[in-house]
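Worksheet: the structure to be examined is printed underneath.
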Amino acid sequence: MAYKPTGLTKALIAIVALGLIGSVGWNFFLKDKFKAYQEGGPSASVTMGGTPKPSGGTTAPAQASPPVPTGSGPLGGAAKPLRVSLVSFHGYAPALVANGNSLKTRAGSIYDKLGVNVEFVINDDIPTLTTLFESKAAVCAWRTSDFWAQEQPNLRNAGHDGRAVIVVDNTQGGDAVIARDASVQKIEDLTGKSVALLQYTPSHGMLIDAIDNSSMTARAKKQVKTVFIKPEGGTAEVRAAFVAGNVDAAVLWDPDLSLALRDVKGAHVIYSTKTATNLIYDVMVCDQRELTKPENQAVFQKFVDGWLEGVTASRANPDQAVDALVATKEFFKVLAAKEGKPFVKGLFANLVWTDLADNARILGLAGGVNHYERVYGRFDQIYRAEGSLANPKSPVVSPQDSFDYRFIKAGLARNASATAQAAKPVETFSEKGRATALAAPASVTKPVAVSFASGSAELSKRAQQTVDKDMVPFIENNGSAYFEVSGNTDSVGSAPVNQALSEARARAVANYLEKQWEIPKTRLRVAGYGASRPLCNEANPASADMSLDECRALNRSTRLAVFGK
């Protein structure tokens, strides 16, 4: 059934359209959002979803000119509220709840009780941080972890800088690679298939990371046909291409992800952040000039504290979070009218609003891995290689210089239980769970060239370093997954000897992961396959653009197969 907008909605749409005419952001995010709902039909869709981003590349997107705020006095006061730029995304609902279901701080709200005035500004056209900070239209703005890794070098080139101050959400199922053909069950099956996505977005980074870590040969990787939808088409056009059957697969985020899976018979997830739980985060980035002023430290502390209180309130009452989104963002008002509030509420299941304990865990402040810094560095590598930076010579920013830890640390100093909670395992693993997970196909399999002495299954120091560098980060990415560690050989030698040796070598790697990296034993299955599962045809290595030695070396790899729960 076609959506029939009310007169008020039409008027608001017209105002927005006139205000943003000529903007790439309008084309990218708002035009298709409202046009789709006005026109209805099978391709009707929403555009905004899990992790919105502007286009990348060497040409910067056109920018709207945010209004310069007026008022004087201390930051966070009634005359000069802390202005924060957001987009229409459900991950930011806790902040709106903290503000009293309002863009501006309401009396009696969490932020009001903390004594700080916060004003959220919805900028679906996504101005650059340079634009926001130079105009002083906002002091803080949302960024995804990959987006921030791309933009901070450009921000420094423009004479500014910023720091993330809080991780506000962690997508866990809200971003996914999906396919319609039942024969496409894993990342390796995308060879020769067409995949629609938006370039230089978390969808792009996620796909690159998965392909890079797959068991495809270099030639097979090149045969994945990426179909980049033009930015003005937005995720609505990515979903439309998938729904129409114009592509074999797509990389999407919510709500278009959920809609595509619902509307296409046989559509299924082959890899998602439900498995790669430590890959995509949203953060709030603030102007470094304001962060360094001593008089502002209390203001930013209250901003962070209030957001975290909003997380607690939203978790306790998700219906209130839905109401906050509908009350403050036209996008969610239209979405709720079209699909119903339960649909909006259902989107919450695919991400985690991160509380203080989650921040401590993600930031490595409870003794574990700093996932945020690891991801920031990884995406910096990915997008530099793809040429997404506006200035390819932009300086490499140390991940440690991208986050201001003062405010989360201050919260932890007041809340010892949060640190203790952060130190507990997020996931539980069992032999029964492993058996269930491994009954399905692996989502992706990573070959690792762990070297052993001839005829030996003993891990050398060099081999341990290879596991540390090439295998452990992949395990950390896939925080909820089970794994199969398999030993494999080339075709040289007798089958019984190869079989026994390959299993012994796989066991050596698994033992190292269990002892040195505390990977639960119940999370791993050990297998030896000898020469029975070649990744390259040794009888015809040229078919993979390899020499025979290269082909055999690939087949001798230790492999890490990922199985989602």
Side-chain angles (χ1 to χ4, degrees), residues 51 53 143-153 162-172 174-175 201-214 271-285 351-352 354 357-386 388-389 395-405 408-409 422-423 425-427 443-444 446 448 464-481 483 512-513 516-519 523 560 562:
T51 37
K53 279 196 64 263
R143 287 301 184 258
T144 57
S145 46
D146 72 302
F147 189 177
W148 179 219
Q150 292 181 69
E151 191 169 11
Q152 190 174 16
R163 295 290 187 277
V165 298
I166 180 177
V167 179
V168 297
D169 64 62
N170 173 199
T171 176
Q172 293 192 5
D175 294 76
T201 66
S203 292
H204 194 189
M206 180 182 179
L207 182 65
I208 291 172
D209 186 69
I211 291 174
D212 281 354
N213 284 302
S214 76
Y271 188 59
S272 82
T273 52
K274 190 172 183 178
T275 299
T277 55
N278 296 318
L279 186 63
I280 298 177
Y281 305 104
D282 275 57
V283 297
M284 287 296 127
V285 175
L351 59 72
V352 172
T354 47
D358 294 321
N359 268 263
R361 178 187 62 81
I362 292 166
L363 298 172
L365 299 177
V369 174
N370 189 322
H371 292 290
Y372 163 81
E373 289 188 4
R374 176 182 56 78
V375 167
Y376 181 99
R378 171 62 176 149
F379 277 117
D380 177 72
Q381 295 171 350
I382 286 174
Y383 288 119
R384 282 179 187 273
E386 287 294 310
S388 72
L389 297 183
V396 175
V397 178
S398 167
Q400 294 92 327
D401 289 337
S402 70
F403 204 101
D404 189 331
Y405 290 91
I408 296 299
K409 286 182 176 180
V426 176
E427 302 283 348
S443 298
V444 61
K446 179 180 177 67
V448 181
Q464 291 174 4
Q465 291 172 355
T466 299
V467 173
D468 297 344
K469 177 177 177 291
D470 295 336
M471 194 172 284
V472 172
F474 191 53
I475 293 174
E476 291 170 346
N477 261 4
N478 296 283
S480 71
F483 299 93
Y512 178 75
L513 290 171
Q516 297 298 317
W517 289 94
E518 299 180 353
I519 307 299
R523 199 178 175 189
L560 190 66
V562 178

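The figures here come from the full heavy-atom set of this structure, side chains too, leaving out hydrogens, waters and symmetry mates.
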Taking every non-hydrogen atom, the tightest pair across [X] and [Y]:
X      : Y      : answer
Tyr383 : Gly205 : OH-N, 3.2 Å
Ser145 : Tyr376 : O-CD1, 4.3 Å
Ala366 : Ala422 : CB-CB, 3.6 Å

[Y] side chain reached by [X] side chain, heavy atoms, under 4.5 Å:
X      : Y      : value
Thr144 : Phe379 : no
Lys446 : Phe483 : no
Val375 : Asp146 : no
Asp380 : Val397 : no
Asn278 : Arg361 : yes
Gln172 : Ser480 : no
Gln464 : Gln516 : no
Val472 : Leu513 : yes

Under 3.5 Å donor-acceptor, [X] side chain and [Y] backbone:
X      : Y      : result
Thr354 : Val168 : yes
Asn359 : Val167 : yes
Gln152 : Asp401 : yes
Asn370 : Glu373 : yes
Asp169 : Val352 : no

Can a donor-acceptor pair be found between the side chains of [X] and [Y] at a distance below 3.5 Å?
X      : Y      : value
Asn170 : Asp358 : no
Tyr512 : Asp468 : yes
Thr171 : Thr273 : yes

> Should Asp212 and Arg378 be marked as a side chain to side chain contact (heavy atoms under 4.5 Å, CB included) after you check the CA-CA gap, both sets of side-chain angles, and the distance that decides it?
Replying inline: CA-CA 12 Å; Asp212 281 354; Arg378 171 62 176 149; 3.4 Å; yes
>> Run Glu427 and Arg523 through side chain to side chain contact (heavy atoms under 4.5 Å, CB included) and show every step you take.
In response: CA-CA 10 Å; Glu427 302 283 348; Arg523 199 178 175 189; over 6 Å; no
> Does the pair Tyr271 and Asp209 meet the rule for a side-chain hydrogen bond (donor to acceptor under 3.5 Å, both in side chains), with working shown?
Replying inline: CA-CA 11 Å; Tyr271 188 59; Asp209 186 69; 5.1 Å; no
